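Before any comments, here is the structure.
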Amino acid sequence: MHFFLRLAREWDLRFERLVRLGAVSKWYSSVGNEGVTVAAATAIEAGDALISLHRDSGAILRHYLDAGRLFPDLFPAVSQRRASQVEPRGILYRLACQMLGKANGFSAGRERSYHYSHFDEGAGIIHVGMISHLGAMIPVAAGLALAFKQRGSDRVAVNFVGEGGTSTGDFHEGLNMAAVLRVPFILIIENNGYAFSTPAREQYASQTLAERGAAYGIPGVRVDGCDVVRVHEEVARAVSRARRGEGPTLIEAVVGRMRGHSEGDDSIQLLDAAERQRHERSDPLARFERSLLEVGAATQKYLDDIAKCCAELIVETVDSAMKAPDPVPETPLGGIYAE
Ligand SMILES: Cc1ncc(C[n+]2csc(CCOP(=O)(O)OP(=O)(O)O)c2C)c(N)n1
Ligand SMILES: [Mg+2]
């Protein structure tokens, strides 16, 4: 998990820098959310469905890539995930192309962001990207879970949503249906306290969002989203329940807001200095590294080596994707409704 926390961090830092250099026009940073996304994707397996939004690069990287195949010297014990059959550098390059709107991206350059899906069922990857940033994916994810149930499969669907997305009608419709049909669905709210410029107190009147679970007749759990180990435990528990046929779980993971809504807007200015410092201190990566050092599970040199490998890999991959061919308007349409 530490490797993927660091990899996801470097991914965002590289794109944030490209925004500042004017090479990329917009970026939604997931810095601060990695503790939730990496831990959640670690709790699922090949063949499970991942349904992501705009701050879920940690889950995508964790689900697609095998650390052992990327760095065999660092991770000699290759994971048993079927997705480990996927050539990691190749798929990372495609992901970078996707973020840059290049022809080699998953959506062949039709747009440049997390609005894409990637299906490679042979490798166990069922990844549905976002329609909208809000609640629109919840009914879709619940539908995927229903398909698993109807096929008699023990696979589960995991979907993320921001706390702002919980105020949409889709949240109610999707979660209620999932609960009534007892489908294997895990909905994880990444609660960073703000939806663009709207603070959580103007978003919902209940104390927590986890308590909504009771209204749907499903477990609702609140967890510190910057505590990677706790998030992993809770998602793993929810996944086990879902695989046993016991239905959905709602997990509210509370994270800090370490960035504005998107790079390039000024929404971070809404937070006063004290609040910003509090969010900075919640950094899940720094916290996990401190705990690894404290329990003697890692040395500072090891952490530094991982950081260097991750930074080099990301810079190299993103920079080569920058040079990849742009899509051409003559490209035949396909893969829209046809597939
Ligand atoms: C229907 C609709 N309205 C508004 C937007 C613009 N928008 C995109 S993300 C967002 C806020 C999302 O906040 P939250 O769900 O808390 O997620 P966060 O960005 O904080 O992770 C808004 C208003 C949109 N994409 N779709
Ligand atoms: Mg939010």
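The basis for the numbers below is simple: all heavy atoms, side chains too, and nothing from hydrogens, waters or symmetry mates. In listed order, ligands and their atoms are each counted from 1. The structure displayed is predicted, hence computed values, not measured ones.
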Discussion item. Out of all atoms in ligand 1, which are within 4.0 Å of some heavy atom of Asn192? Include the element for each.
Written reply: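 Heavy-atom distances to Asn192 below 4.0 Å select 18 (P), 20 (O), 21 (O).
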
Discussion item. Looking only at the side chains, is there a donor atom on one of His127 and Ser52 sitting less than 3.5 Å from an acceptor on the other?
Written reply: yes

Identity and distance of the protein heavy atom lying nearest [atom]:
atom                    : result
atom 5 (C) of ligand 1  : Leu134 CD1, 4.2 Å
atom 20 (O) of ligand 1 : Tyr194 O, 2.8 Å
atom 15 (O) of ligand 1 : Gly165 N, 2.9 Å
atom 18 (P) of ligand 1 : Arg55 NE, 3.5 Å
atom 17 (O) of ligand 1 : Gly162 CA, 3.7 Å

Worksheet, complete the sentence: Tightest non-hydrogen contact, residues Met322 and Ala23, listed as CE-CB, 3.8 Å

Worksheet item: At a 4.0 Å cut-off, with the gap strictly under it, does some heavy atom of His261 reach an atom of ligand 1?
Response: yes

Discussion item. With a cut-off of 2.8 Å, does Tyr194 put an N/O/S atom close enough to the Mg ion (ligand 2)?
Written reply: yes

Worksheet entry | Contact check: Glu163 to the Mg ion (ligand 2), N/O/S below 2.8 Å |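 Of the N, O and S atoms in Glu163, at least one lies under 2.8 Å from the Mg ion (ligand 2), which means yes.
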
Discussion item. Please check this pair: side chain of Glu190 against backbone of Gly162, looking for a donor-acceptor N/O pair closer than 3.5 Å.
Written reply: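 No.
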
Worksheet item: Can we say Arg155 and Asp48 salt-bridge, meaning some charged N sits less than 4.0 Å from an Asp/Glu carboxylate O?
Response: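 Asp48 and Arg155: salt-bridged.
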
Worksheet item: Counting heavy atoms only, which of Ala200, Gly260, Gly164, Ser262 comes nearest to atom 14 (P) of ligand 1?
Response: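 The residue whose heavy atom sits nearest atom 14 (P) of ligand 1 is Gly164.
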
Worksheet item: For atom 25 (N) of ligand 1, which candidate among His133, Gln203, His54 holds the nearest heavy atom?
Response: His133

Item to complete: Apply side chain to side chain donor-acceptor pair (under 3.5 Å) to Tyr64 and His118, showing your working.
Response: CA-CA 10 Å; Tyr64 284 10; His118 178 51; 5.2 Å; no

Worksheet item: Would you say ligand 1 has an N or O under 3.5 Å from any N or O of Glu190?
Response: no

Worksheet item: Under 6.0 Å between ring centres, would you say that holds for His133 and Tyr28?
Response: yes

Worksheet item: Considering the options Arg290, Arg6, Arg9, which one meets the salt bridge (Lys or Arg N to Asp or Glu O under 4.0 Å) requirement together with Asp283?
Response: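 Going through the options one by one, the only one that passes is Arg9.
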
Worksheet, complete the sentence: Between Ile218 and the options Thr249, Val180, Leu175, the side chain to side chain contact (heavy atoms under 4.5 Å, CB included) test singles out Leu175

Practice prompt. Apply the side chain to side chain contact (heavy atoms under 4.5 Å, CB included) test between Leu187 and each candidate in Tyr216, Phe171, Phe160; give the one that qualifies.
Written response: Phe171

Worksheet entry | Protein non-hydrogen atom found under 4.0 Å from atom 1 (C) of ligand 1 |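 True for atom 1 (C) of ligand 1.
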
